[in-house]
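Convention: sequence-line order gives letters A, B, ...; per-chain numbering from 1.
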Amino acid sequence: MLFGTRQTRGEDDRLIQGKGRYVDDIKLPGMLHVALVRSEAARAHVKVDVEAARSAPGVRAVFVATDLPASAKILPDCHPNPVLRNPRGPQVLADGVVRYVGEPIVAIVAESRYLAEDAAELVSVEYNLLPAVVDLERAMSDESRRVHEDLQSNLAARIPVSCGDTDKAFADAACIVRERLQIQRGAGQAMETRGIVAHWDPHAERMVVWNVSQVPFVHRTAIANALQLSENSVQVLNPDVGGGFGYKGLTYVEDLLIPVIARQLEVPIKWIEDRREHLIAAYHERTQLHDMEIATTADGVILGIRGKFLCDAGAYTPWGPVVPLLTAVNIPGPYKVPNYKVECDLVYTNTVPIAPVRGAGRPQACYVSERLLDAVARKLNIDGAELRRRNLIQAHEYPYDVGFISRDGTRRTYDSGNVPALLERALEMIEYDKHKARQKDYAAQGRHIGIGLACCVEDTGLGPFEEVGMTVELDGSVTVRMGTPSQGQGQRTAFAQIVADQLAVPFDKIKVLAGNTDNVRYSIGTFASRAGIVTGSAVLNASKQLRERALKIAGTLLQASPDDLTLEDGGVVRKDGGKLGRAMSLSDIVHTSLGESGAPLPLRDLGPGMSTVASFSPPTNTFATGCHAALVEVDPRTCKVSILKYVAVEDFGTMINPMIVDGQVIGGVGLGIGNAFLEKVVYDDSGQILTGTFMDYLVATTMDVPHVHIDYLATPSPLNPLGMKGAGQGGTIPVPAALSAAVEDALRDYGLRLRHVPFSESDIFAALQTARTGAAA
Amino acid sequence: MSVSVSMKVNGKTATGNVEPRTLLVQFIREHLGLTGTHVGCDTSQCGACVVHVDGKSIKSCTMLALRADGADVSTIEGLAKDGTLHPMQEAFREHHGLQCGFCTPGMVMSAIDLVKRHNYKLDEKTVRHGLEGNLCRCTGYHNIVKAVLAGAEAMQAKGV
């Protein structure tokens, strides 16, 4: 069995030798290069003069908004939702008005990127500046400043989620705690930026596009619509993608613009985003301001949670209200919250639009519920672990009806889980009791050591389906074709492990092809920890079909019952170990069942060859869960935080390859540490973005991410045949909450309260000052 | 205006006519077609473009091709010899030191230089300090550090 075992990756041989094929590695004869002129103003009416650029050396064409066909002027909303009362799609090229710094205005096409950038400097943009909308609360209160002047306000969507009777819960409560909690804007920032190569193939009459998409079929449709072609005239390819993290799972204006230019000029066109563009123009996430309160009994049992929050949409809504909706449904997390009422306003501002970034609204939700619990623990003087024990959904209570409708329109029901066991294991691994007991001794030694805990749920494995094609080739090798491309998750390895078990074929004789929309008929894409579950289950289904087919064909040829046969070492054997009439390999089966050219098919009833197409459609999403614990030491003079130990205990259901899953967890924690301490997109009051390089936008380095102690407890999901729950985001979600709690606990004697992430040393210093003056007053 | 530039790349002589402003990474990628060296930031923070120039690791997005005129350059493509992976490459695979693979060539090139600068004697702290200028968004670095420590040992054992 390879399923469930460590298997080094089939992907790596190419990648470690520099033989990967990323979009910037694509070079086509006669290819021209695009540089984009982007807005330098957050909100302005603009007039553009491109004449000087047109005649610059090497320039072959210049595109402004009026050069685009009507079908490619505005990016369509890929996620329409009735709560989105005022959707506004991004402009492919700004047409008279700009709404965020970085919005593209002009595309220069030249013989090299150097020459295109030279010409871009000759473009004159006259900005008639308007006051920018940046602050979220002001965006709602001051209706005279509107991002979209045709709207009455900056409200994009109002999202209510509720169950039970919160008024009664709060009236009956012995303890009520209110908190204002803020999560700052961050960004996915994969090491590979975005990029597109588009080529109109006049022979095949097709638009061929290489890009960095997590959702190539969504891109295929968007490009087809923009060019007014059928999907069968568009092919999207993404052989290797350098990290996805969610925000590459959306359509961007450049995804339409570059193919439109390639179609008009009938020349291959390449656009590679530079890091500055990636920081100021690729979708961001996370900005939310929560005013929340929690009601409990005197023993700390949750009676209800209610409140409002604002979510920063940025200037447009390319992905609908998905992020705040995910926060709204995830706040109760793994806890029993019988009465719940939250309302979110999704608010337009003159900033980069937001989209899901690894965690996707859930780190915010986890931060809110865990910070509220920590505040209750403090107020009631109950130990934080004990308070969580009292409120977690117990193992026997699964499946658990949360009480409201989930993101996918179904009643939100946690299919399986055992978070109390995750918590106990995390407490054991972090040596909670020992360190808690010693905190006084540490303090006497002048050491400030604290522990933070955070539990989370993650809705994973979303529908509606994935499809795979599978063929046993004449030489007995297996080809798997799928629609969900990899951005580093190791799907080719993981899925080959599933196939190897079912068809008894060696791992290295299985080739998994992805990143080409010609591979399958339809696909949804790789996001929300879904590919392993949904595509993986389709791979299992296809493998089983071919296994059954192989035994049926062999049974017919050997005049044996298929029930007496099984597959071993690439061939058919008798289950009872008895001798077969003749040896029969998978290769023999394929040869025989394909027949001879020109002759009748030997097994006409069974049809030709060993090939199938199978799909999987989950009834609804499943839920991964996790519990993280952090032990930190803080120096109250410098406010430097040292992570002494970090523990992640995860329930991802069954796992195909624990080595890959470990990698997902550690990498996820790395992003979470960035979210807790470092990663902050900053806009000034005029909407200028101040974090346009990696000098200003800090991501975690080797010095920031400690060793992560990992353990798993699996409650297999009943919602898919593999029992999986998805592992892509669990590492990230609880980190900011756990680290905030740990730092507060370390400086509890100083009355430290942290109410926003990320927090730097200076933020801790400021919060200590506040605590001190608050105490004095 | 273009000028002639000539250097040794992975043991072979490479010449070309480039605009004087051409960066070394572009010469390697565009003119020589060696696309294993990546550009992650073009402001020398991320380290995806690290190559060796005269035996020392440098960020090739911040060096003009002309400055490497006459130099001995090696890139990720030059590491494997006769179909055998360099021990550091092998260690990255064995320890799952990569996910998307985009930072990997720069990470491996930096690591090899680090091993040599420290005469094969590395500990975790040295590796973490030494790779601070190489960013990775997938792995959380832990397996990279493990791979580099294992790679250093293997390099010494094999005399590489």
Problem set entry | Proximal component of A/E11, with respect to chain B [non-hydrogen, under 4.5 Å] | neither
For this session: Applying side-chain contact (heavy atoms from CB on, under 4.5 Å), run through A/T8 and B/H96 and close with a yes or a no.
Result: CA-CA 7 Å; A/T8 55; B/H96 189 32; over 6 Å; no
For this session: Locate the shortest heavy-atom distance separating B/F102 from A/G242; write the atom from each residue and the value.
Result: CB-CA, 3.9 Å
Seminar exercise, completed: Residue from A/T193, A/I666, A/D662, A/I272 scoring the most non-hydrogen pairs under 4.5 Å with chain B is A/I666
For this session: Could you tell me whether B/R21 and A/E117 have a side-chain N and a carboxylate O separated by less than 4.0 Å?
Result: no
Problem set entry | Electrostatic pair B/D42:A/R275 at N-O distance under 4.0 angstrom | no
Exercise. Angle class for the A/H707/B/H142 ring planes (parallel below 30°, perpendicular above 60°, tilted otherwise)?
Worked result: tilted
Problem set entry | Heavy-atom proximity to chain B below 4.5 Å, by part of A/V669 | neither
Seminar exercise, completed: Paired with A/D12, the side-chain contact (heavy atoms from CB on, under 4.5 Å) test is passed by just one of B/L85, B/L98, B/T104, namely B/L98
For this session: Give, for atom CD1 of A/I16 and atom CD of B/E90, the distance between the pair rounded to the nearest 0.5 Å.
Result: 6.5 Å
Seminar exercise, completed: Among A/T693, A/V708, A/V699, A/D240, the residue with the most heavy-atom pairs under 4.5 Å to chain B is A/V699
Exercise. Where does B/Q45 contact chain A at under 4.5 Å (heavy atoms): side chain, backbone, both or neither?
Worked result: side chain
Exercise. Does any heavy atom of chain B fall under 4.5 Å from the side chain of A/K27, the backbone, both, or neither of them?
Worked result: side chain
For this session: Mind checking the OH-SG spacing from A/Y22 to B/C100? Nearest 0.5 Å is all I need.
Result: 5.5 Å
Could you list the donor-acceptor pairs under 3.5 angstrom formed between side-chain atoms of residues 66-80 of chain B and any protein atom two or more places apart in sequence or on another chain?
unit_1	atom_1	unit_2	atom_2	d
B/D69	OD1	B/S6	N	2.7
B/T75	OG1	B/N10	ND2	2.9
B/T75	OG1	B/E77	N	3.3
B/T75	OG1	B/E77	OE1	2.7
B/E77	OE2	B/T35	N	3.4
B/E77	OE2	B/G36	N	2.7

For this session: Determine yes or no for a side-chain-to-main-chain donor-acceptor pair under 3.5 angstrom, with B/R137 supplying the side chain and A/G188 the backbone.
Result: yes
Problem set entry | Salt-bridge contact A/D704-B/R128 (side-chain N to carboxylate O under 4.0 Å) | no
For this session: Please round to the nearest 0.5 Å and tell me the distance separating atom SG of B/C103 and atom CE of A/M191.
Result: 6.5 Å
Exercise. Can you tell me how far the CD atom of B/E132 sits from the OG1 atom of A/T701, to the nearest 0.5 Å?
Worked result: 4.5 Å
For this session: Return the option, out of A/Q487, A/R14, A/M695, with the maximum number of heavy-atom pairs under 4.5 Å with chain B.
Result: A/M695
Problem set entry | Heavy-atom contact with chain A under 4.5 Å, split by part of B/H86 | neither
Problem set entry | Interface residue of largest heavy-atom contact number with chain A, from B/V127, B/L131, B/V39, under 4.5 Å | B/L131
Exercise. What residue, out of A/G663, A/G674, A/G670, has the most heavy-atom pairs lying under 4.5 Å from chain B?
Worked result: A/G663
Problem set entry | Heavy-atom proximity to chain B below 4.5 Å, by part of A/L698 | neither
For this session: Can you see which heavy atom on B/T22 is nearest to which on A/Y114, and at what distance?
Result: CA-OH, 3.5 Å
Problem set entry | Interchain contact, B/E124 with chain A, by part (heavy-atom threshold 4.5 Å) | neither
Problem set entry | Largest heavy-atom contact set with chain A, pairs under 4.5 Å, which of B/P105, B/C41, B/G33 | B/C41
Exercise. Using non-hydrogen atoms only, which part of A/R6 is less than 4.5 Å away from chain B: side chain, backbone, both, or neither?
Worked result: side chain
Exercise. To the nearest 0.5 Å, how far apart are CD in B/Q26 and CZ in A/R113?
Worked result: 9.5 Å
Exercise. Based on non-hydrogen pairs under 4.5 Å, which of A/R21, A/Q17, A/K19, A/R358 is most in contact with chain B?
Worked result: A/Q17
Seminar exercise, completed: Greatest number of non-hydrogen atom pairs under 4.5 angstrom with chain A, of B/H129, B/E19, B/E30, falls to B/H129
Exercise. Going by heavy atoms in the side chains, are B/R29 and A/D25 under 4.5 Å from each other?
Worked result: yes
For this session: Give, as side chain, backbone, both or neither, the part of A/I660 having an atom under 4.5 angstrom from any heavy atom of chain B.
Result: both
Problem set entry | Portion of A/Q489 that has a non-hydrogen atom of chain B nearer than 4.5 angstrom | neither
Problem set entry | Straight-line distance of A/F694 CZ to B/S44 OG, nearest 0.5 Å | 12.0 Å
Exercise. With a 4.5 angstrom heavy-atom cut-off, which part of B/Y141 approaches chain A: side chain, backbone, both or neither?
Worked result: side chain
For this session: For each of A/M659, A/R9, A/H278, A/Q189, tally heavy-atom pairs with chain B at distances under 4.5 Å, and name the one with the top tally.
Result: A/R9
